[in-house]
Amino acid sequence: MARGPQAGTRAAAVLGAAVGAALGAVAARAAFAAFRRRPPIGDEKTADEYWTRVNHRGEPVTLLEGPAFAAGAVAASALAPGLPARARAAAVLAGAGSGVLGAYDDLFGTTSSKGFKGHLAALARGEVTSGAVKILGIGATGLAAAALSPRDARSGNMPARSLDTLVDGALIAGSANLANLFDLRPGRAIKVGLLAGAPLLAASIAAPYGPRSRQAAALTAVPLGAAAALLPEDLGERAMLGDAGANALGALLGLAATARLGRPGRIAALGVVAALTAASEKVSFTKVIAGNRVLNRLDMLGRRAPQTTPGSPGSRG
């Protein structure tokens, strides 16, 4: 008798995930096409000044992929079935807040300070960098999204619920920052997001937890669908996520993780995010990936062949 309700729950989760992924993909592609015609900031004369950057090959690419991802994922989260109002609001806040703050850093940021440590060190000296504004803003956005998220009835007393909110907020904000650290080569941040999100989606569909399972499946599927739809533009080196897209992708997947994982799992996930963020201050992810045959093969999958001449100008992200 137990298999009937569980099978129904899984079917509902699969359907909700499929619809969410489709909505995310369609909305992201539509937003990208609309922004190419009419950028969010600038006109036909000044759009390139705002939205064009030079990638690792020294070639121009557009940053409009990032706002398109954020706008598409946010719109799809607002429309995706199977989400209670609080979860829907949390997804909209996490995606829109991190996307807007990332776009601010994309458009108006400086390179005088780099990395999490660099921006906080500058802030300690009294220098408010665009990166510090983004870090603090995404932290506040993550905490607010965590507070909005529906709580499991088993979450316990007030101190336990407060701890959950702090852990969830840190996981959402930390995931937003970590995703951006991978946006240094074509398609890398999206591939990392897909690799991290796929098992989360599979676990959400497989676990017979009723509404909790459907909620996590929908929250995961939307950003995965939007990211997959924009991956060809990224791999083709025509566009890049930038801070706007990478921050929004990480934040939404972090939110999905808070919906699916129990307290021990969320604390463990936060530990992994914190460890990778700390490691990025000491080591280059690009060098680590290039030095590992399996990781390098995944990184190069779908990309153009590397340059044969050394010393290409510019950088991506």
Side-chain angles (χ1 to χ4, degrees), residues 40 66-67 69-71 73-74 77-78 83 85-110 113-151 155 158-181 183 193 219 222-223 241-259 261 263 266-267 269-274 276-278 280-281:
F69 170 84
V74 166
S77 296
L83 289 177
R86 289 176 66 90
R88 204 179 299 277
V92 169
L93 178 59
S98 56
V100 168
L101 288 160
Y104 164 74
D105 201 25
D106 279 333
L107 297 178
F108 307 111
T110 64
S113 298
K114 293 185 178 181
F116 195 88
K117 183 178 178 180
H119 291 301
L120 293 185
L123 188 62
R125 298 192 302 267
E127 178 186 353
V128 181
T129 66
S130 59
V133 171
K134 187 182 73 167
I135 289 170
L136 296 175
I138 288 179
T141 298
L143 193 61
L148 270 176
S149 296
R151 289 284 166 221
S155 60
M158 182 60 71
R161 290 196 295 271
S162 298
L163 174 63
D164 282 340
T165 299
L166 290 174
V167 169
D168 290 357
L171 181 55
I172 294 167
S175 298
N177 180 66
L178 181 60
N180 191 43
L181 297 178
D183 190 40
L219 287 173
V222 166
L241 283 176
D243 289 14
N247 286 150
L249 173 60
L252 288 170
L253 289 177
L255 177 66
T258 68
L261 302 176
R263 187 177 296 142
R266 298 197 303 273
I267 292 174
L270 178 58
V272 171
V273 169
L276 287 173
T277 301
S280 72
E281 300 285 344

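One-based numbering along the sequence shown. If you're wondering where the values come from, they're calculated on a predicted model, not measured in any experiment.
- Counting heavy atoms from C-beta on, the side chains of Leu143 and Leu166 come closer than 4.5 Å.
- Closest of all the heavy-atom pairs between Ala244 and Ala70 is O-CB, 4.5 Å.
- Using a 4.5 Å cut-off on side-chain heavy atoms (C-beta onward), Asn177 and Ile138 make no contact.
- With hydrogens and angles disregarded, no donor-acceptor distance shorter than 3.5 Å links the side chain of Asp243 to the backbone of Asp106.
- Between Leu148 and Arg86, the closest heavy-atom pair is O-NE, 2.9 Å.
- Taking both residues in full, the closest heavy atoms of Ala269 and Leu261 are given as CB-CD1, 4.1 Å, listed atom of the first, atom of the second, then distance.
- Interatomic distance, CG of Leu241 versus CZ of Phe69, reported as 7.0 Å (0.5 Å rounding).
- Across all non-hydrogen atoms, the minimal contact from Ala246 to Asp183 is CB-CB, 4.3 Å.
- In terms of heavy atoms, Ala173 sits closest to Gly139 at CB-CA, 3.8 Å.
- Atom OG of Ser77 and atom CG of Leu255 lie 8.5 Å apart (nearest 0.5 Å).
- Of all non-hydrogen atoms in Gly95 and Val74, the two that sit nearest each other are C-CG2, 3.6 Å.
- In this structure, the separation between CG on Leu171 and CG on Asp164 is 11.5 Å, given to the nearest 0.5 Å.
- Annotation: side chain of Arg266 is in contact with side chain of Asp168 (closest heavy-atom distance under 4.5 Å).
- When atom types are taken as modelled, the side chain of Asn247 and the backbone of Gly99 share no donor-acceptor pair closer than 3.5 angstrom.
- Rounded to the nearest 0.5 angstrom, Leu253 CG and Thr258 OG1 are separated by 11.0 Å.
- Atom CD1 of Ile172 and atom OG of Ser98 lie 9.5 Å apart (nearest 0.5 Å).
- Atoms CG and CZ, on Leu93 and Arg88 in that order, are 15.0 Å from each other to the nearest 0.5 Å.
- A 4.5 Å side-chain heavy-atom check between Leu101 and Thr141 finds at least one atom pair inside the cut-off.
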